[in-house]
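Before any comments, here is the structure.
First the proteins, then the strands, lettered A, B, ... as listed; each starts at 1.
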Amino acid sequence: MNATISEVKNYVGGEVTIGAWLANKRSSGKIQFLELRDGTGFIQGVVLKNEVSEQVWEDAKSLTQESSLYISGTVREDKRAPSGFELTVTGLSVIQIAHDYPITPKEHGVEFLMDHRHLWLRSSRQHAILRIRNQIIKATYDFFNDNGFIKVDPPILTGSSAEGTTDLFHTKYFDRDAYLSQSGQLYMEAAAMAFGKVFSFGPAFRAEKSKTRRHLIEFWMIEPEMAFCDHEMNLRVQENYVSYIVAQVLKNCANDLKAIGRDTTKLEKIKAPFPRITYDQAIEFLKEQGFDDIEWGDDFGSPHETAIAEHFDVPVFVTEYPTKVKAFYMKPVPGREDVVLCADLLAPEGYGEIIGGSQRIDDLDLMKKRYEQFNLNDPSYKWYLELRQYGTVPHSGFGLGLERAVAWICGLEHIREASPFPRLLNRIYP
RNA sequence: UCCACAGUAGCUCAGCGGCAGAGCAAUCGGCUGUUAACCGAUCGGUCGUAGGUUCGAACCCUACCUGUGGAGCCA
């Protein structure tokens, strides 16, 4: 019977054949222990010299780390095995003997592992992280589909920048200039005016020389946008969504969280509603904490964000930032033009901003004024202004960085492990 | 772009002015319950690159290259 390692528990006492790689091997004269992996899990195969043919014994002896094979054996429950099951080997067929596999069972440095990312993905730790990433992706699709959103995909190649602040990757669009998208938000606003509630999930590119544990050059972003939705409703969607993905990971990835040593008691506290503080209050708080390098009107630096987030053990919304430090499309707080209806969601444990969101300007005249202020009268922005011209409505949305969420939920030291093939400053290989 | 730290065997590191080292990996041998197995042996080097100081440089100095951490910017 062909089986995967994850299915082996259904065949106790029976004989199975598994396609696998050799993760490690320990031998002892007349007994060999083969640590096998097949992508679904790990199992130990036990080869006994006086119970198998000479050929099987010699083939087992020839196996090296990451050699590929089909292996047959009898499934047995065993308390000594980490998974509870072992395979008493009856036969094996070598596909390929691998020579000099670079990643050994000992420790390695970051540079070496990143150079071998295509092989590093085979390790149990990377497996656990990427399975949790997959669970977050699945939970994202489920959450938005179950709440009346439809997925609409914004373009990746664009003729102009969405916010004008960050550096974009430049490319050619036949004989014209084009850029890789840093955000699909403006397009999602158009989609929201067509479908009501929409979300996107796709790659974003930022050509910034950022070099920290929180930054990727290419990352995946989830960007919901909702018509007839104000700032307050927007925050509620955000806290419900984040609580949902954390709950789904806790429910469905217990083994993976254990494999990477995540303290799940910290995740169990992540339940909506989340605390909120205004920018005004945050500035006051920072002054009390002894920060003298920030004044009202400045955007927060990393140390400021960390100080605020450390004060809470759940994510915290910082709301109503000064108009001048935020994007041109954010709606001012009624009766107070100097701050806008926006919020950043700061993750606990120093993981920084995982969501940025706002209510958007719906007033045509105000948006025209912003176009003047931000010099957006280029024809490529005309369509965005027209969204306010033909049946404008209050609307809001946000963007969540997938890898930052993965890094936080997994408790990773660095965001690079949250992406299968991370693009970092000076690294586009493999 | 700026600041800090680091490049020595395939990998992780020690050596810090006087003979180039260890553990792991690899290769060979031993062991019937191993879990990063263990034990013995063998193999393994342009000390990042270029220049300088010195009787003598892996070690001190200068420049460059590469990497890592951080700042700014952001999700």
Whole-angstrom distance between C24(B) and U42(B), as gauged at atom P: 14 Å
Does Phe143(A) have its ring centroid less than 6.0 Å away from the ring centroid of Phe149(A)? no
Considering every strand and a 4.0 Å limit on heavy-atom distances, what is the contact class for Leu48(A): base, sugar-phosphate, or nothing? base
Heavy atoms only, 4.0 Å cut-off, all strands: where does His414(A) land among base, sugar-phosphate and nothing? sugar-phosphate
Quick one: Trp408(A) CH2 to A75(B) C1', roughly how many Å, whole number? 14 Å
Please state the C1' separation for the pair A36(B) and A41(B) - nearest whole angstrom. 22 Å
From U34(B), C31(B), G72(B), pick the nucleotide closest to the side chain of Ser28(A)? C31(B)
Quick one: does Ser28(A)'s side chain have a donor or acceptor within less than 3.5 Å of a partner on Ile31(A)'s backbone? no
Reckon His99(A) touches a base, only the sugar-phosphate, or nothing at all at heavy-atom distances under 4.0 Å? nothing
Quick note, Val46(A) side chain, CB onward, closest among C74(B), U35(B), G33(B) is G33(B)
Considering only heavy side-chain atoms of Thr212(A), the closest of C74(B), U32(B), G72(B) is G72(B)
Can you figure out which of A26(B), A75(B), U35(B) approaches the side chain of Glu353(A) most closely? A75(B)
Whole-Å C1' distance, A25(B) and G18(B): 32 Å
Mind checking who C38(B) pairs with, Watson-Crick or G-U wobble, both distances under 3.5 Å? G30(B)
Just the rounded figure in Å: distance from P of U35(B) to CD1 of Ile43(A). 18 Å
When the ring planes of Phe199(A) and Phe144(A) are compared, do they come out parallel, tilted or perpendicular, using 30° and 60° as the limits? parallel
Within the structure provided, determine whether Arg213(A) and Glu413(A) are in side-chain contact (heavy-atom separation under 4.5 Å). yes
Considering only atom C1', compute the distance from A58(B) to A9(B) and round it to an integer number of Å. 14 Å
Once hydrogens and angles are ignored, does a donor-acceptor distance under 3.5 Å link the base of U32(B) to the side chain of Lys49(A)? no
Between the side-chain atoms of Glu111(A) and the base atoms of U66(B), is any donor-acceptor pair under 3.5 Å? no
Please pick, from U68(B), A75(B), C31(B), the nucleotide with the shortest atom-to-atom distance to any side-chain atom of Arg416(A). U68(B)
Please determine, for A6(B), whether a Watson-Crick or G-U wobble partner exists with both distances under 3.5 Å, and give it or none. U66(B)
Going by 5.5 Å between centroids and 30° between planes, is there a stack of Phe33(A) over A37(B)? no
Checking only heavy atoms, does the side chain of His108(A) share a donor-acceptor pair with the base of C11(B) at less than 3.5 Å? no
Counting the atoms with a prime plus P, OP1 and OP2 as sugar-phosphate, which does Glu86(A) contact under 4.0 Å by heavy atoms, base, sugar-phosphate, or nothing? base
Without decimals, in angstroms, what is the distance between Arg214(A) CZ and C73(B) P? 11 Å
Is it the case that the side chain of Ser243(A) and the backbone of Ala272(A) share a donor-acceptor pair, with hydrogens and angles ignored and the cut-off at 3.5 Å? yes
Among C74(B), U32(B), A75(B), find the nucleotide with the atom closest to the side chain of Ser302(A). C74(B)
Classify the nucleic acid contact of Leu216(A) as base, sugar-phosphate or nothing, counting any heavy atom under 4.0 Å across all strands shown. base
Strand partner of C47(B), provided both Watson-Crick or wobble distances fall under 3.5 Å: none
For the pair made of OH in Tyr101(A) and C1' in A26(B), what is the distance, rounded to whole Å? 16 Å
Specify the residue among Gln65(A) and Asp78(A) whose closest nucleotide of RNA chain B lies further upstream toward the 5′ end. Gln65(A)
What integer number of Å spans the P atoms of A37(B) and C43(B)? 25 Å
Is a donor-acceptor contact shorter than 3.5 angstrom present between the side chain of Gln32(A) and the base of G33(B)? no
So, do Trp383(A) and Tyr187(A) have ring centers that fall under 6.0 Å from each other? yes
Quick one: label Leu400(A) by what it contacts on the DNA or RNA (base, sugar-phosphate, nothing), any heavy atom closer than 4.0 Å. nothing
Assess whether one donor atom and one acceptor atom, taken from the side chain of Arg404(A) and the base of C74(B), lie less than 3.5 Å apart. yes
Any donor-acceptor N/O pair under 3.5 Å between C24(B) base and Thr104(A) side chain: no
Is there a Watson-Crick or G-U wobble partner for G18(B) with both distances under 3.5 Å, and which nucleotide is it? C55(B)
G23(B): pairing nucleotide in any strand, Watson-Crick or G-U under 3.5 angstrom: C11(B)
Could you tell me the separation between the CG atom of Asn426(A) and the C1' atom of U1(B), rounded to a whole number of Å? 13 Å
Take atom P in A14(B) and the same atom in G56(B), then report the distance between them in whole Å. 28 Å
Side chain to side chain donor-acceptor pair (under 3.5 Å) contacts touching residues 353-362 of chain A (sequence neighbours left out): Glu225(A)-Arg360(A), Lys331(A)-Asp362(A), Ser358(A)-Arg360(A)
Report the relative orientation of the aromatic rings in Tyr371(A) and Tyr384(A); use parallel for angles under 30°, tilted for 30 to 60°, perpendicular for over 60°. parallel
Span that lies between the P atom of U54(B) and that of C47(B), in whole angstrom: 22 Å
What's the CD-C1' distance between Glu208(A) and C73(B), to the nearest Å? 5 Å
note: Lys79(A), atom NZ; U35(B), atom C1'; distance rounded to Å ~ 18 Å
Do the side chains of Pro348(A) and Asp313(A) get nearer than 4.5 Å, heavy atoms only? no
Under 4.0 angstrom, heavy atoms only, what part of the nucleic acid is Gly352(A) near: base, sugar-phosphate, or nothing? nothing
Residue His215(A), side-chain heavy atoms: nucleotide from C74(B), U35(B), G70(B) that is nearest: C74(B)
Rounded off to whole Å, could you give me the CG-to-P distance for the Leu425(A) and U1(B) pair? 10 Å
Which of the following nucleotides, G33(B), A75(B), U32(B), is nearest to the side chain of Asn50(A)? U32(B)
Using the C1' atom as the reference point in each nucleotide, state the distance between G23(B) and U49(B) in Å, no decimals. 29 Å
Hey, is the side chain of Arg26(A) poking within less than 4.0 Å of OP1 or OP2 on U34(B), counting only N and O atoms? no
Strand partner of A71(B), provided both Watson-Crick or wobble distances fall under 3.5 Å: U1(B)
